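Atoms considered below: every heavy atom in the structure, side chains included; atoms not considered: hydrogens, waters and symmetry mates. Proteins come first, then strands; the chains are lettered A, B, ... in the order of their sequence lines, and each starts at number 1. The model shown is predicted, which means the values in this text are computed figures rather than measured ones.
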Amino acid sequence: MTDQQVSDADEVFFEALAGRAQGVPGADAVRTALREEAATVQEASSGGHAEATPEQAALREQIKAKLIAEGAFNGQLASAGGNAVAKQPLVAKPISRPRQADDGAIARFFSWLSSFTGPQMAGLAASMMLGVLVVMNMSAIDQAKQEDVVRGAASLSVSVADPARDGAQLVERINALGGEAMLVQLNDKEWALSVSVPKSESIKPVQALLQKGGFQVEGLPPYDLILRKAE
Amino acid sequence: MDGEEFLRRMRANDARVFDDLMPVLEKIVYGACASFRLFDQRRDDVLQDVAVKAFVNWTSYRGDSRLTTWLYAIARNVCLDEIRRGGRYVAEPGGTDQDGGDLFNKIFDESQSDFEQRLCVQQVLAALEAEPSARKGSMRKIEVLMWWVMNSPTTEELAAFLETTLAAAKTRKSAIVAAVRELCEKFCGHNECAIVSGR
């Protein structure tokens, strides 16, 4: 094949894949998909995996059982790992949590949680602390200056059909934008969503996402939000 | 854990590889599922299927690509199967947030045609991923394409990356574009993977 056989349209298409040509939506979609894939693979390869949540641990046990049934590892899988995490008490259900958090952020969250729902939730929050302590060891955030900044409005809420589902999706999106979110079920109808944003460049995108979702957040994070099950 | 270590430990029936690899696998599956808008139970089902394929059919990993790339390819295929089986996630009608809409739709702001675009492109990439290299030791089209997208190089830089001549690099570009166009036509109905609304 010679240069002449590379058509202009092909060249434009390939340039669009490289991000250098505009107006080729299909190429943009291919480029976006490949970049998403690369980002996922990069993050998975980078290490620093958080401790499994009780839900993740339970799912891993389920997968182990299935692998044993399928004959993986000649049945040796049953003795691998352990069930310690799966046996943790599930007093409060931490549906999702930040990849990183520091002592201040967690203390602030539990302080807010206990003030929101009274003494019973304070006890519940204390029991949850046991399950979340491990996250504190991953602290890498410098929040020394946070006391000087204006906080976002507290206890903003939205009513949705499925707070657990929508909250989990919000946590994913917030984390993808560089924020850190923790979702906790308070009772049958309410879920608490605590959002912090350690990277300054992520604040606006996270704010925009929350506002798009109906939370009227203003000012700088952290934000303490409520998702309420619609009646 | 790299691919070599994975293969060595699987051959040795080292069951602890499960505990070491699951956090990586979860991140890959969660990332792939997010691209397909698969969440909750459906995402857990995908994770389970991917784990079975990875740990039971581990001999299908040849070690000629990164382990994480291989796992992502499995995850993509399982996600596609899940979409074929259960369709796209559709938010419940009559949303109940403050504006009367649905929070999910607000978060993702994605139309049906956007989703179709995403889906057809993923099928194109899955098909490219399944293609073996033309010659032993040569890079596959998907690998060259990924490098091109991630590095936005000149054709001269592509030639250097492929350790070949400029003319051969141009030939390679043409072959990749031709393959992508053919797959775009097959899965998107358009040779540049464009989705036309209301198609």
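- Geometrically, Arg181(B) engages Phe13(A) in a cation-pi contact, judged by NZ or CZ lying under 6.0 Å from the ring centre and within 45° of the ring axis.
- Interface remark: Leu125(B) contributes side-chain atoms only to the contact with chain A (heavy atom separation under 4.5 Å).
- Heavy atoms closer than 4.5 Å to chain B are found in both the backbone and the side chain of Ala29(A).
- Of the two parts of Val124(B), neither the backbone nor the side chain holds a non-hydrogen atom closer than 4.5 Å to a non-hydrogen atom of chain A.
- Considering only heavy atoms from C-beta on, Leu59(A) stays 4.5 Å or farther from Arg43(B) through its side chain.
- When the shell of 6.0 Å around NZ of Lys53(B) is examined, it contains 12 or fewer heavy atoms from other residues, nucleotides or ligands.
- Surrounding CD of Glu182(B) are at most 12 heavy atoms belonging to other residues, nucleotides or ligands under 6.0 Å away.
- At least one side-chain heavy atom of Val149(B) sits under 4.5 Å from a side-chain heavy atom of Arg35(A).
- For Glu192(B), the parts sitting under 4.5 Å from any heavy atom of chain A are the backbone and the side chain alike.
- Across every non-hydrogen atom of Ser152(B) and Ala18(A), the tightest pair is OG-O, 2.6 Å.
- In this structure, Cys193(B) SG and Leu17(A) CG are separated by 9.0 Å, a value rounded to the nearest 0.5 Å.
- Taken from CZ in Arg66(B) to OG in Ser45(A), the straight-line distance is 4.5 Å, to the nearest 0.5 Å.
- Met10(B) touches chain A through its side chain: at least one heavy atom from C-beta onward sits under 4.5 Å away, while N, CA, C and O do not.
- Residues passing the ring-ring contact (aromatic ring centres under 6.0 Å, His included) test with Tyr30(B): none are found, sequence neighbours excluded.
- For the atom pair CD of Gln48(B) and NZ of Lys64(A), the computed distance is 14.0 Å after rounding to the nearest 0.5 Å.
- For residues 140-156 of chain B, every residue pair satisfying the salt bridge (charged side-chain N to carboxylate O under 4.0 Å, His left out) rule, not counting sequence neighbours, is listed here: Glu129(B)-Arg140(B), Glu131(B)-Lys141(B), Arg140(B)-Glu143(B).
- For the set Ala27(A), Ala38(A), Gly19(A), the entry with the most heavy-atom pairs within less than 4.5 Å of chain B is Ala38(A).
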Decide yes or no on side chain to side chain contact (heavy atoms under 4.5 Å, CB included) for Ile142(B) and Leu34(A), but give the supporting numbers first. CA-CA 10 Å; Ile142(B) 187 72; Leu34(A) 283 169; 4.2 Å; yes

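- Residue contact with chain B, scored on non-hydrogen atoms closer than 4.5 Å, involves the backbone and the side chain of Phe14(A) alike.
- The minimum heavy-atom distance linking Gly26(A) with Gln117(B) is given by the pair CA-NE2, 4.2 Å.
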Under the criterion side chain to side chain contact (heavy atoms under 4.5 Å, CB included), I'd like the reasoning laid out for Gln56(A) against Met22(B): C-alpha separation, chi angles, the key distance, then a yes or no. CA-CA 10 Å; Gln56(A) 282 177 316; Met22(B) 275 309 286; over 6 Å; no

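- Residue Leu67(B): no heavy atom, backbone or side chain, is found under 4.5 Å from chain A.
- The number of heavy-atom neighbours closer than 6.0 Å to CD of Glu163(B), taken from other residues, nucleotides and ligands shown, is 12 or below.
- Using a 4.5 Å cut-off between heavy atoms, Asp49(B) contacts chain A through its side chain alone, with no backbone atom that close.
- Atom CD1 in Ile63(A) sits 4.0 Å away from atom CG in Leu47(B) (nearest 0.5 Å).
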Trace of the salt bridge (Lys or Arg N to Asp or Glu O under 4.0 Å) decision for Arg60(A) with Asp19(B): CA-CA 9 Å; Arg60(A) 286 181 193 176; Asp19(B) 298 299; over 6 Å; no

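- With values rounded to the nearest 0.5 angstrom, Thr40(A) atom OG1 is found 5.0 Å from Tyr72(B) atom OH.
- We find the CD-CG distance between Gln169(A) and Asp40(B) to be 6.0 Å, quoted to the nearest 0.5 Å.
- Neither the backbone nor the side chain of Ala16(A) comes within less than 4.5 Å of any heavy atom of chain B.
- Between chain B and the residues Glu36(A), Arg31(A), Glu37(A), Arg20(A), the most heavy-atom pairs under 4.5 angstrom are made by Glu37(A).
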